[in-house]
Amino acid sequence: LAEASTRFRSNLATARALYGDGSSVTNVAASNLSALLMERRQFWQAEGILTWQLRLVSRLHGRSSAKAREVAFRLAQCKLAPGADSINIWPERIAPADVFGVCSDPVCARAV
């Protein structure tokens with residue numbers, strides 16, 4: 001799983017660089033990485049990715065879209081997950097922009 005985590009991070013970075021944040025390929029890469037991180041019980045990292053993904057999907061498709069609801073549900077599962085390295089033990093939240101930078105898709109710039 002450790003090697004898969006490295007590869008999934010690389011896939012997300014490559015998808016963002018090649019296709020932009022608004023691409024379905026980038027969305028799938030982010031979903032895959034967050035699922036893997038949750039499986040590895042690295043909830044604080046998964047929460048950062050899911051928070052970034054939710055903001056992006058909400059801007060692109062609307063807060064009430066099926067995609068946004070799906071990501072929001074996964075984010076809620078992540079936040080409620082028990083474990084020694086759950087996000088609940090951290091005193092402050094990690095901003096997705098600190099992890100991923102700002103959205104590179106022109107649609108995001110218009111939405112702000």
Side-chain angles (χ1 to χ4, degrees):
L1 288 179
E3 184 178 328
S5 177
T6 302
R7 290 182 189 260
F8 280 24
R9 286 178 196 281
S10 176
N11 286 348
L12 178 57
T14 301
R16 290 186 74 207
L18 291 176
Y19 304 108
D21 288 343
S23 168
S24 61
V25 173
T26 303
N27 188 42
V28 169
S31 294
N32 289 342
L33 178 57
S34 65
L36 176 69
L37 291 171
M38 287 178 68
E39 182 67 28
R40 294 190 69 206
R41 304 188 65 73
Q42 295 175 328
F43 299 116
W44 64 273
Q45 292 180 18
E47 182 180 353
I49 292 169
L50 289 166
T51 300
W52 168 80
Q53 188 179 16
L54 180 58
R55 288 179 183 166
L56 180 65
V57 168
S58 294
R59 286 182 185 154
L60 296 174
H61 302 286
R63 275 194 152 326
S64 61
S65 69
K67 287 183 180 185
R69 288 193 310 268
E70 175 190 339
V71 176
F73 178 75
R74 292 179 58 219
L75 179 58
Q77 287 178 316
C78 181
K79 287 182 177 184
L80 294 174
D85 68 344
S86 171
I87 190 67
N88 297 326
I89 67 168
W90 297 99
E92 58 185 71
R93 295 186 174 276
I94 299 170
D98 294 340
V99 178
F100 297 105
V102 296
C103 176
S104 64
D105 195 295
V107 173
C108 292
R110 289 192 303 261
V112 175

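This chain uses plain numbering: 1 for the first residue, then up along the sequence.
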Please round to the nearest 0.5 Å and tell me the distance separating atom [atom1] of [X] and atom [atom2] of [Y].
| X | Y | atom1 | atom2 | result |
| --- | --- | --- | --- | --- |
| Lys79 | Arg74 | NZ | CZ | 14.0 Å |
| Leu80 | Phe43 | CG | CZ | 10.5 Å |
| Asn32 | Phe8 | CG | CZ | 5.0 Å |
| Gln45 | Arg40 | CD | CZ | 8.5 Å |

Tell me, do Leu33 and Leu37 make a side-chain contact under 4.5 Å, heavy atoms counted?
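Side-chain contact under 4.5 Å: yes.
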
Show every salt bridge (charged side-chain N to carboxylate O under 4.0 Å, His left out) that has at least one partner inside residues 5-15, sequence neighbours left out.
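For residues 5-15: Glu3-Arg7.
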
Keeping the roles fixed (side chain from [X], backbone from [Y]), state whether a donor-acceptor pair exists under 3.5 Å.
| X | Y | value |
| --- | --- | --- |
| Ser34 | Ser31 | yes |
| Thr51 | Glu47 | yes |
| Gln53 | Asn27 | yes |

For atom CD of Glu39, is the number of surrounding heavy atoms from other residues, nucleotides or ligands below 6.0 Å larger than 12?
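It does not: Glu39 CD has 12 such atoms or fewer within range.
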
Can you list the residues that meet the side-chain contact (heavy atoms from CB on, under 4.5 Å) rule with Ala29, with sequence neighbours excluded?
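Result, side-chain contact (heavy atoms from CB on, under 4.5 Å) vs Ala29: Leu12, Ala15.
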
Of all residues at least two apart in sequence or in a different chain, which pass the side-chain contact (heavy atoms from CB on, under 4.5 Å) check with Ser65?
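So Ser65 forms a side-chain contact (heavy atoms from CB on, under 4.5 Å) with Val57, His61, Lys67, Ala68.
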
